[in-house]
Amino acid sequence: MSIALIVFLPLLGALLAPLAIRYGRNACAATAGAASLAAFALLMSHLPGVYAGEVVRQEAAWIPQLGLSFAFFVDGLGFFFATLILGIGLLIIVYARYYLARQDPMGRFYAYLLLFQSAMLGIALSDNALIFLVFWEMTSLSSFLLIGYWRHLPEGRQGARMALAVTGGGGLALIAGMLLLGEAAGTYAISEIIQRGEIIQASPLYVPALLLILVGAFTKSAQFPFHFWLPHAMAAPTPVSAYLHSATMVKAGVFLLARFWPALAGTDIWFLIVTPVGLVTMVIGAFIAIFKHDLKALLAYSTVSNLGMMTMLLGFGTPLGVVIAMFQVLNHATFKAALFMSAGIVDHEAGTRDIRKLGGLIRLMPIASVLALIAAASMAGLPLLNGFLSKEMMLEAAVHTEIAGIPYLVPTLATLGALFSVAYSLRLAWFGYLGPTRESYPHHPHDPPAGMWGPVALLVGLVVAIGLVPPIAGPVLARTSMAVLQTDTLPYYSLAIWHGVTPALFMSITAIVVGATMVALYRSLSTAHAALPHPEAKAMFDRTIAAIVALARGVTGRTQTGSLQLYAGIIVAAIVAVGLVAFLQGGHAPGAREMLPVNTPAIVAWAVLIAVSGVVVFAHVSRLITLVLTSVVGLIVSVAFLQFSAPDLALTQISVEVVTTILLLLALNLLPRRSEPERSAAARWGSGAIAVVAGLGVAYLAYAVMTRDVSSISEYHVALSKPGGGGTNIVNVILVDFRGFDTFGEIIVLGIAALAIFAMLDSALRGASARRLAEMLPSRRSGDAHPMPLVVATRVILPLAITVGVFIFLRGHNQPGGGFIAGLVVAIALIMQYIASGYDWAAARARYNPHAMIGAGVLIAGATGLGSFFFGAPFLTSSYDYFHIPLVGEVELATAIAFDLGVFLTVVGVVLLALFQISRVEHKADRTPVPAGPYEPPYDRQAAPRVVEPARDKEA
Amino acid sequence: MNPMDHLIIAPILLPAFVAAFIVLALRENLRAQRIVSFVATAGLLAVGVYLYALAADGQTRPYLLGNWPAPFGIILVIDRLSALMVLLTGFLALVVVTYASGGWDEKGKHFHALFQFQLMGIMGAFLTGDAFNLFVFFEVMLIASYGLMLHGGGPARLKAGFHYVAINLIGSTLFLFAVGLIYATTGTLNMADIARRASEVAAGDVALLRVGALLLFLVFALKSSLAPLHWWLPTTYGAASTPAVAIFAIMTKVGAYSIIRMNAMVFGGEAGPVAFVAEPWIIPAALATLVIGALGVLATRRLVDLVAFSVVWSMGSLLIALGLFDVEGLTAALYYAVHSTVAAAVLFLIADMVTRRRGVSGDALRTAPPIANDALVSGLFFVAAIAMAGLPPFSGFIGKLLILDAARASAWGPWIWTLVLVTSLVVVIGFARAGSTVFWKAQAVGGGLVAAAPPPEREYDTPRAETPMMRVCVYALLAAVALLVVFAGPVTEVLEATARQILDPAGYVDAVFDPAVVPEWSR
């Protein structure tokens, strides 16, 4: 049967469980259980094969380029872990049904739980190192969700984030490790990798890969110094703690070490890192556990200690170590899951998990207590229970291990760890369940429903069965170990209660005796312990995160200051630096073009240009002066165009200059007269220096460009302007034909600009900014708003200007001119009406909405371009012909003229729309009525639109 | 010519005509605008699909505007890369226009016209085969984006908008300098022609051409928010209206696209003295971008800012891959570009869902009463955040694997690996903190508490949910994320072909100057 299905059935359950909740909590739990059970059944269908030594492999491609595929395989190790995941998972699902309170969202719980189960099965069964990573990180994410399940509890939120940061971070290291491992092995197939140990260990990538993978394993399995997240993960509901944080997820790290054991283990570096880390974790975890008052915290540290033991065993690098580690995985999963569920029962029934408030439970809840006591005895390593067996084997193996040349170090520390675990187990048993009954508990404790103690009983049954008849675990252990070791021959070991008088026996006896004594002397020990320093890992973690956040805020706050000057300064400096380096890295020869003779007008213009620019630097605080001076620059540029025989450009430049100056003048009216410098002198000098260097750079580039000749495409434009484009004004033919598409884009840019200005100022006319505007008093007012001579002059000029515009427009294709300039000329004439006669007067007479002109202009220009489609030619293909018009004579008409009409309309519309909108804003600020001067024709002010859309009504 | 060939220009003309039509005839009728805008954008997506299928045969097809032969007129070029970007834009645009029609478009004038013009600019930038025309489309795109950025008004937007405009004006000016230098040394504007002539440039002109090529790179780097030119992005994205910022998700990719087009292809391996001029700069700068973005994610106090900084971070990742300038790197960059566009857009939409439900508390990352339907919103946020941060099983993870895999051979490899992974962790922590504050901590507060001092500027005064159609938009984007994962294999294969096409400038030049496409001189 499909292995992938085993992995994905729980995922399906995760989707269905939240839907099933509407049919009740039983339906929800049943759905979750059914998904797990189905997966379990599928898994069991592989049992005969696996135990016959077969390895089933299935693969479906996903991203072949990357080597990422949906590859799964079932061998002894994967089967063993998958059985644990699904078996304990089923028990947890039953248990949680009774554990969760009515107000807890059960659908979400099972969804998260099954999501985790699916990811965990993926880890156990994947045969591709990259898909392994996917499942690995998914367990971190589902663990995050489960720890934070009670989102209103701060411990839940913080614990979830901490677990995610540590295990997620380890997962990122694992990504790097797996990529390196895959490169060293030449494959990502895990079943292949584990057979290429020699190649991998000979590779220079072995050490970095190993270190990164170990970070992944140690974070996940809560090894020192990453152990601190696990106790805080106990904020999760107890079924989660039992499942993820003792029986399965935290063993993913151990699984990782076991899975890749043949590829990575056996070297000195492996031994020297993994063994000490495991050993230290085992001792420290056990020590801390003794003094924990919260049942779950005690169990959590005990889990840390047990994981340390497994890690240490795998670190030995010997086949025997592997066998014992696998045995311990099995035993720990049974007794620890049972104990966690028991802790949940206590919490559920007595209302507290605090050991100091408990005691005597055996008389109040006998079934649950007996089960818990057996499991605790196994945890302590007392004989006749499974915990005893693996602990004995571990101690025996420790005796034969020597690290750093110190003979007794490992056995001593191992005994110490065993001793501590006796102590915490007995403390749990004595102070929690035995001892005198208390007068009161937060709730009155009694045995829970069978749904809660049943799963515990099942596990405890296993604890006892294996403890009494060890050989029943034999086949499982053998098959699993053979899969880990990738061999068919296992080292000698015997699963028996009595091994004779061995060093391990003495170590066990010492552990039990001293451990029991410690519990007897607990009170004084606890006082002594209180005097010890207590490095609080959570506080350290929080401080670290806070420091990183502070660093982030410092850096971001100091760079992202919101100062445009700073940003612009850095950007321009970067541009200058890159440009300079680029320039210096290439060959450069001065241009060969002959210089033009220097003449007086040129020198004068040049001097004026420099003088004006210089004055702006110092006079820029006055906005009006700045505007006037910059327009001088524009005028000189247009003179320069004229000098270099570009009358079109000169005309354009002048008209643009006029329009922008007028619009800016109107806008200036709304601004303070002066712009005071906001920055220190030093900052300004800095900006100045950057500006000067940038300016010199640009000047040099311009000089270099102008002094050289390169054959360019413009030669073609010159040659083909008349025969190809039907016009002798090359500039115009380029604009409307050769590069008409650019022009199409540019008129749209203008149109958008006008629309954007309109939209921006429109929102400025509403809300708070509108109120501010209304409060603004007109600060300056000329004595005569609408001087009579100006009114007369502009009205006379209007028809003339329009005629000139038409003229310029029509001759454009052959002489200087064209739609763009014509549009500007007409727009200027219209603006003059507004200036001379006032906004209201002019607006009341405007026939066309500028919006419409923009829209129509773009559409006309575009439609002209589309016309060529009917002739099977691409967009904007032009055509021209000569027509004879009576009286006028021979006239050349090019399709480009229609395009130019679109340009014309857009330009007029844009200028007028900008004008209207700025005027509207001014209007808001200046509510003085339009003076009815002597030359004002009869004008009904009430009927005219005062503000708003100028000519909207007329359009209809 | 084949009438269907005109569809190459349709992605530019369709939004242009629609926008102009809206301005001309529908400017007072929001309902009609919505319908027209939606239908047109759906049409755009359909054209995108057609063009994508057209380009899938691996051919590069020029479209000669005005029927002028290249390099004398302007040409558009559709190849795998431009088709991919057009398709992606079409999809994103359809989602965004739908989302905006849920109410955002009422907050100011001309939303739909500006939006369509924005699309025109973006599409033009992807399709043009002419360096100066690219400038024009950048202008179209930018000026429309100024309008969209300011959509809805308010002082914060105006201030950020001013910065955005000012910094982009520096970019536009630089663009002109760069194109001027390239024209002055190669005598041409057509990209294929530049590619052809770059290797033959006179020895004494090499310095100027190098400056031109690198300044052009800086223009695009500015658009793609490469450090230290990234300043505008967090402020702009943090202040802009949601639909604007969602469509802006593609704008950073216009910068990345242009780097690919100009600095990987035109000034690519066959450009002689200017081959890969951007190479020494891009990876170190991208690494810095990565760090700045990640720190920003951790530093911010607003959800939208957080997403904005995560965009900076993702651009760092993208540009690292791009900067490798080889097939693997470009494949990774393209995958990451598609992924991060969708992921950023959906995160911005979800941030808006949160903001509107929180009412006066806005998107401030501090405790506020629980929001309505918080299970749904927090679930969506969780998925989108995982995708963005690059954790399995979503597209960000695959993108990250592709990048790491591609970076193996690079001299920068160890740096890339370290910084990509470490900053990933920082981003994960940042998202976890934000989500925990917004969704989980709220549960501890309960319904009684009202935020002590609501921020002075806020989009919503009273909590309100989004419309069902808006929710569909979020689902659509998340579905795209899921599809990117499920079909990662075929997608990567196609992108690899795209990368190969990019790194073969000769093929592009041959296609543009293919005698068969030069128009017969009949006029």
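Below, all heavy atoms of this structure are taken into account, side chains as well, without hydrogens, waters or symmetry copies. In what follows, chains are A, B, ... by sequence order, proteins preceding strands, each numbered from 1. Just so we're clear, the structure is a prediction, and the values are computed from it rather than from any experiment.
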Below 4.5 Å from any heavy atom of chain A, which atoms of [X] appear? Answer side chain, backbone, both or neither.
X      : answer
B/A166 : side chain
B/L215 : side chain
B/T128 : neither
B/M120 : side chain
B/I386 : side chain
B/F72  : both
B/P273 : neither
B/L222 : side chain
B/T437 : neither
B/I170 : side chain
B/L189 : both
B/I9   : side chain
B/A432 : both
B/F111 : neither

For chain A, find which of [options] contributes the most heavy-atom pairs closer than 4.5 angstrom.
options                       : value
B/A299, B/G73, B/P393, B/A213 : B/A299
B/V426, B/V420, B/L295        : B/L295
B/A184, B/G147, B/G171        : B/A184
B/A113, B/G108, B/P71         : B/P71
B/I74, B/V211, B/L150         : B/I74
B/P490, B/G180, B/S436, B/A16 : B/S436

*How far apart are the C-alpha atoms of B/F397 and A/L133, what are their side-chain angles, what is the distance that settles it, and do they pass the side-chain contact (heavy atoms from CB on, under 4.5 Å) test?*
CA-CA 10 Å; B/F397 175 72; A/L133 290 173; 4.1 Å; yes
*Are A/F741 and B/F137 close enough that their ring centres sit under 6.0 Å apart?*
yes
*Can the ring centroids of B/H6 and A/F875 be said to lie less than 6.0 angstrom from one another?*
no
*List the steps, then state whether side-chain contact (heavy atoms from CB on, under 4.5 Å) holds for B/W440 with A/H152.*
CA-CA 6 Å; B/W440 287 359; A/H152 55 279; over 6 Å; no
*Test item: B/E139 side-chain N/O and A/V749 main-chain N/O as donor-acceptor pair under 3.5 Å*: no
*Answer yes or no: is there a donor N or O on one side and an acceptor on the other, between the side chain of A/W62 and the main chain of B/V485, under 3.5 Å?*
yes
*Passes ring-ring contact (aromatic ring centres under 6.0 Å, His included), B/W68 versus A/F738? Steps please.*
CA-CA 7 Å; B/W68 296 106; A/F738 289 121; 4.4 Å; yes
Might you point out which heavy atoms bring [X] and [Y] nearest each other, and give the distance in Å?
X      : Y      : result
A/G168 : B/L425 : C-CD1, 4.4 Å
B/L298 : A/A552 : CB-CB, 3.9 Å
B/L421 : A/A176 : CD1-CB, 3.5 Å
B/S424 : A/L172 : CB-CD1, 3.8 Å
B/N67  : A/P874 : OD1-CD, 3.4 Å
A/E137 : B/L391 : OE2-CD2, 3.6 Å

Side chain proximity check, [X] to [Y], heavy atoms < 4.5 angstrom:
X      : Y      : answer
A/V710 : B/Y183 : no
A/L145 : B/F382 : yes
A/L179 : B/W417 : yes
B/E493 : A/I63  : no
B/T331 : A/Q65  : no
B/F117 : A/L755 : yes
B/R301 : A/R553 : yes
B/V206 : A/Q585 : no

Enter the distance from [X]:[atom1] to [Y]:[atom2] here, rounded to the nearest 0.5 Å.
X      : Y      : atom1 : atom2 : answer
B/I143 : A/I748 : CD1   : CD1   : 12.5 Å
B/D405 : A/I175 : CG    : CD1   : 12.5 Å
B/L208 : A/L701 : CG    : CG    : 6.5 Å
B/L24  : A/L859 : CG    : CG    : 6.0 Å
B/F132 : A/D742 : CZ    : CG    : 5.5 Å
B/L402 : A/L66  : CG    : CG    : 5.0 Å

*Hey, which of A/G554, A/S69, A/G182, A/G745 has the most heavy atom pairs under 4.5 Å with chain B?*
A/G745
_Pairs of heavy atoms under 4.5 Å with chain B: top-ranked of A/G751, A/A568, A/A856_ = A/A856
*Sequence neighbours excluded - salt bridge (charged side-chain N to carboxylate O under 4.0 Å, His left out) pairs with any residue from residues 202-211 of chain B*: A/R708-B/D205
*Set of residues satisfying side chain to side chain contact (heavy atoms under 4.5 Å, CB included) with respect to A/Q158, sequence neighbours excluded*: A/P154, A/R161, A/K538
*Report the C-alpha separation of A/F744 and B/L13 in whole Å, then their side-chain angles, then the decisive distance to 0.1 Å, and conclude whether the side-chain contact (heavy atoms from CB on, under 4.5 Å) test is met.*
CA-CA 10 Å; A/F744 183 59; B/L13 293 185; 3.8 Å; yes
*Return the orientation label for the A/H851 and B/H110 ring planes: parallel under 30°, perpendicular over 60°, tilted otherwise.*
tilted
*Are more than 12 heavy atoms from other residues, nucleotides or ligands located less than 6.0 Å from atom CZ of B/R408?*
yes
*Please walk me through it: do B/V23 and A/F758 pass side-chain contact (heavy atoms from CB on, under 4.5 Å)?*
CA-CA 12 Å; B/V23 173; A/F758 179 83; over 6 Å; no
